[in-house]
Amino acid sequence: MPRPAADPGPWVVAGGELRSRLILGSGGFADLETFAAALAASDSDLVTVAMRRIDQAPPGLLDAILAGGARVLPNTAGCYSADDAVTTARLAREALETDWLKLEVIADPVTLLPDPEGTLAAARTLAAEGFRVFAYTSDDPVLGRRLEEAGCAAVMPLGSPIGSGLGILNPHAISLLREAVSVPVILDAGLGTASDAALALELGCDAILAATAISRSGDPVRMATAFRHAVQAGWLAGGAGRVPRRRHANASTPSEGLPDLRPGDGA
Amino acid sequence: MTANDHCTIAIEANGRPLDVPAGATVRDVVRLLGADPDERGVAVALDGAVVPRSRWSLTAVLALQRVEVVRATAGG
């Protein structure tokens, strides 16, 4: 039998082709050098950025991303209303000359959970303005469908709260969401380690976004390498088809042909 | 204060009060904030509305207006 390629190959989102199924969040790295090394190790070709006042945002990140061969996905992180998110999106499009936007409308600073009403409202406005919206959302399949109807190019369900590292708390909901929408599903937020990324791909997600799990790990470059392999492993395993879960044991070794090994009673 | 008080106006730039020469443009304010107006990845909002880069040198900032100058930085 032919061996499947370890590399899933390019995939398409928002009309663009991406090589990697790992989207790298640029937040949380100790310095630009560590970020650049992690980007290279991750093989990611899409990196998120935030928009902040220039006096509180050191320059250099954009150049590092572009030098690493990746494109940018600006986000609206920190926006608590649809209006703020829409204005931030317009600023990002003007600054970065891309229609791609990761839409985040956050409900409150404690949970950092997405505000469903604000997200939907902003998604409708931005889609009408020609943005290709990647919508950060809860793991609700119905809301995912509404976001697709609103014109989003991709939905980005959380595995667990932002930065929590709790992994995918409701894999069932993620697989239902996968079935509910036809646009790409990108697992975002809460991933703690590489195996969480593999699980996301096994559940049918097209890609994952990791920031904290890589940038705040003990060794970001090593973890970026692990994530690169994890998305490939998850994609391969998901395509291979896992075995059904069973309540009881089920031997894989045949019971027929067992030799008779009782001790003899001869002299 | 100086003799040319009448030639300056008070605006708010990135959340702080700033006196700029009357007639200063958005491009001037970007420079006053220490940024290179030609730097890639920078955008400006004037009272919450985005000013396209092509209009920075044509758009005068009026007294009491709020200017936000942002750039792409690490996040999410």
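All values below were derived from every heavy atom in this structure, side-chain atoms included, with hydrogens, water molecules and symmetry-related copies excluded. Chain naming here is simple, since letters A, B, ... match the order of the sequence lines and numbering starts at 1 in each.
Remark: the backbone N or O of G75(B) is paired with a side-chain donor or acceptor of T48(A) at under 3.5 angstrom. Formation of a donor-acceptor pair under 3.5 Å by the E94(A) side chain with backbone atoms of R53(B) is found in this model.
Listed options D84(A), N75(A), I162(A) were ranked by heavy-atom pairs under 4.5 angstrom with chain B; first place goes to N75(A). Chain B forms the most heavy-atom pairs under 4.5 Å with one residue out of P74(A), P58(A), A77(A), G28(A), and that residue is P58(A). When A95(A), G78(A), A211(A), G25(A) are compared by the number of non-hydrogen pairs under 4.5 Å with chain B, A95(A) comes out ahead. Each of L73(A), L61(A), L32(A) has some count of heavy-atom pairs under 4.5 Å with chain B, and the biggest count is that of L61(A). Taking chain A as the reference chain and counting heavy-atom pairs below 4.5 Å, the highest number among G34(B), G41(B), G15(B) is found for G41(B).
Interface residue D55(A): backbone and side-chain heavy atoms are both found under 4.5 Å from chain B. With a 4.5 Å cut-off on non-hydrogen atoms, L91(A) touches chain B through its backbone and its side chain both.
Crowding of E97(A) atom CD: a count of heavy atoms from other residues, nucleotides or ligands under 6.0 Å not exceeding 12.
In plain terms, the two heavy atoms of I54(A) and V70(B) that are nearest each other are CG2-C, 3.8 Å. The nearest pair of heavy atoms linking E39(B) to P59(A) is OE2-CB, 4.2 Å. The heavy-atom pair separating G76(B) from L209(A) by the smallest distance is O-CD2, 3.4 Å.
Of the inter-residue distances, the one linking R71(B) atom CZ with R52(A) atom CZ reads 13.5 Å to the nearest 0.5 angstrom. Of the inter-residue distances, the one linking N14(B) atom CG with Q56(A) atom CD reads 7.5 Å to the nearest 0.5 angstrom.
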